[in-house]
Amino acid sequence: MLRTENCGQLRVTDIGRSVQLAGWINRSRDLGGLIFLNLRDRYGLTQVVVEPETTELHELAATLHMEDVLQLEGEVRARPEGQANPAMATGEIEVRVTALKLLNRAKPLPFLIRDDEEISEEARLKYRYLDLRRPRMLHNMQVRHQLSLISRNYLSEQDFIEVETPVLMKSTPEGARDYLVPSRIHPGCFFALPQSPQTYKQLLMVAGLDRYFQIVKCFRDEDLRSDRQPEFTQIDLEMSFVEEEDVFNIVEGLVKRVYREIRQIEIPTPFPRITWEEALQRFGTDKPDLRFGMEIVELSELFQDCGFTLFEQILATGGVIRGIRVPGAAADFSRKKIDALNDYVKHLGVPGVTVIKLTPEGINSSIAKFTGTETLQQVADLLQGEVGDLLILGAGEPPLTAKVLGHLRVKFATELELIDRSRPAITWVINFPMFDYSEEDKRLVAAHHPFTQPDKNELEQGVPLEQLHSRAYDLVIDGYEVAGGSIRISEREMQEKVFELLQISPQEAEAKFGFLLRAFEYGVPPHGGIAFGFDRLVMLLTGETNIKHVIAFPKTNAAYSLMDDAPTTVSQQQLEELHIRTIEPPESGKKE
RNA sequence: GGUCCGGUAGUUCAAUUUGGUUAGAGCGCCAGCCUGUCACGCUGGAAGUUGCGAGUUCGAGUCUCGUCCGGACCGCCA
């Protein structure tokens, strides 16, 4: 070892000891005579002093720069009276340098290694290895590690075993776009990278493993968002002989332990549950942020014959009028802000929203001249509006109106800082629909995935397919979908029936999922499971709002790696070996 | 596929509103001074294809169009 201690551990009890340290220069202060260096490693900072009497050392020390890498020997001593630094864990001591070796020089940096400066995402990603030196990023990596360790220990204690499933697998229809990997040995054939190990974990249940988990990379070739990366990590688990309650118990135990050990926050269990329909009705989304109120209120009845033609027409054609109350926002809500608000909602797909201000002088709204103030007063009463509040009404078809108001609810709560960030708001969302209708494909598609068990009672009672519910569930924390799963189909007949409803032909079902259907003929335990978005959970635990900040080497919005310039074109020879011809001739590498 | 925001020194920003002299500042960098600093201090200095390309204009960092890059979002994400 090039050191006897790390940079975070020396204390007054070490005074008098001779030690070796190694690390980066976090900062240097050359006073002309004395030179102070803050030596940094993963564990902390230690101040070392080079005295002018040590002539050769002093000359070397005077040439050092930030982020140079040093190894040194010295003596631990107390700092002089009044010179301790209470902000440093090692602030009561310093190391007087007796030998100094420059292990590596650093060029001037593209940015400083400190938390208090905002650096462009572009620079951070290009020099990710420097960004990761910053305490904030180091902390995020440590939380990642903790989460993975806690999960493994907890699940192992609960009799789960970790099994690795293939990364090269079969491309299947439904779901996200696959990342494909060409096969050299099978010309024209491709593997897919897993969107999730879904079918494998079900087969592990058929195999009798009973309780499986895996911390596993998944890949989806879809567009990115601040909470979505093309490759991401799941805590994937599956259990045999279980129903919803059993999965919930395991998950609640894990989440409880995670928040206790990482955040020192006690989470009461069981977690609350809300149905999918109620979530949409009250919060305008299937992943409601319950850290604040501002719920969406149904107002349609009030506007039945309100005198405002637009609203009456919308109601007559099956639309709804709903509203939210934004506390205290009326005062400075100018014409300009109303315009900005309407611009904002336009990109969500609606022409605009209606704004009502509850001012000390009375109710103020552009629609008052049609409806009169009496109707608006009833609106205010229903929304429990007080003087000074802003009321926002959305009108249109129910799902879109819900979505718009749901977005506005979060937007205003964030801007007005109405969100309690001291503790997480956790809820189960249950009773998902089994199917969605796809306008694009003109058919039903699985709302969760095609292995999810439908509500058997509803099915037997002949409930229309569009209204059929499934045994799927999501875990939602602070408005993020953190985990999702379901009780699975475990009978071949039911699985075939669902494929049929999804208009997957028997031939296609056999070709794509034949292995699963075959497995279902050999004794399948009832089973179910769930998968956590590992990165999203780390994001919540660290208070980050961008998933990139909890991933060591992430991709940009354009799914590109700025640090190593991936992806790239490959040589003609590589393509030929893989039996691949590209449609466009390869550009000269990267676009500039 | 679409909408919006941004791109000026190594870096974070200003100058863009209303086109007009030599594009400024903090940090960093370089040189000098400094023996108790810890965001050390003081003095001086270097540092720019204003992302790129066209256009308008007597004149463009500033206006227009295209394009590239980054970000947020819609679509997409079983």
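No experiment lies behind these values; they were computed from the predicted model shown. Reminder, nothing fancy here: chain letters follow the sequence lines and each chain counts from 1.
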Just to be sure I understand the rule, does A:Gln47 reach a base, reach only the sugar-phosphate, or reach nothing, if contact means heavy atoms closer than 4.0 Å? base
Suppose we define a pair by two distances each less than 3.5 Å, Watson-Crick or G-U wobble; what does B:C77 pair with here? none
Pairwise C1' distance for B:G19 and B:U56, with rounding to whole Å: 11 Å
Does B:G70 pair with anything, Watson-Crick or G-U wobble, both distances under 3.5 Å, and if so, with which nucleotide? B:C5
Answer with yes or no whether A:Arg77 presents, from its side chain, a donor or acceptor under 3.5 Å of a partner atom in the base of B:G36. yes
When the C1' atoms of B:C63 and B:G20 are compared, how many Å lie between them, rounded to an integer? 14 Å
Classify the side chain of A:Arg228 and the base of B:C76 as holding, or not holding, a donor-acceptor pair under 3.5 Å. yes
Reckon A:Arg225 has a side-chain N or O less than 4.0 Å from the OP1 or OP2 of B:G71? no
Compare side-chain N and O positions of A:Arg27 against OP1 and OP2 of B:U37 and report whether any pair is under 4.0 Å apart. no
B:U57 and B:G75: how far apart are their P atoms, nearest whole angstrom? 44 Å
How far, in whole Å, is B:G6 from B:G51 if one measures between their C1' atoms? 12 Å
The side chain of A:Arg114 is closest to which nucleotide in this list: B:A39, B:A72, B:U37? B:A39
Are there more than 12 heavy atoms of other residues, nucleotides or ligands under 6.0 Å from atom NZ of A:Lys346? yes
OP1 or OP2 of B:U12 less than 4.0 angstrom from a side-chain nitrogen or oxygen of A:Ser120, does that happen here? yes
Length of the CD-P vector between A:Glu118 and B:G70, whole Å: 19 Å
Taking the six-membered ring for Trp, are A:Phe513 and A:Phe451 ring centroids under 6.0 Å apart? yes
Phosphate contact (B:C40 OP1 or OP2) by A:Arg29 side-chain N/O below 4.0 Å: yes
To the nearest angstrom, the CD1-P distance between A:Ile547 and B:A72 comes to 11 Å
In whole Å, measure the gap between the P atoms of B:G61 and B:G7 for me. 15 Å
Tell me, with the steps shown, if A:Met294 and A:Val326 meet side-chain contact (heavy atoms from CB on, under 4.5 Å). CA-CA 7 Å; A:Met294 288 176 62; A:Val326 187; 4.1 Å; yes
Confirm from the modelled atom types if A:Glu94 and B:G36 form a donor-acceptor pair under 3.5 Å, side chain to base only. yes
Give me the distance, rounded to whole Å, that separates B:C69 from B:U64 when you measure between the P atoms they each carry. 22 Å
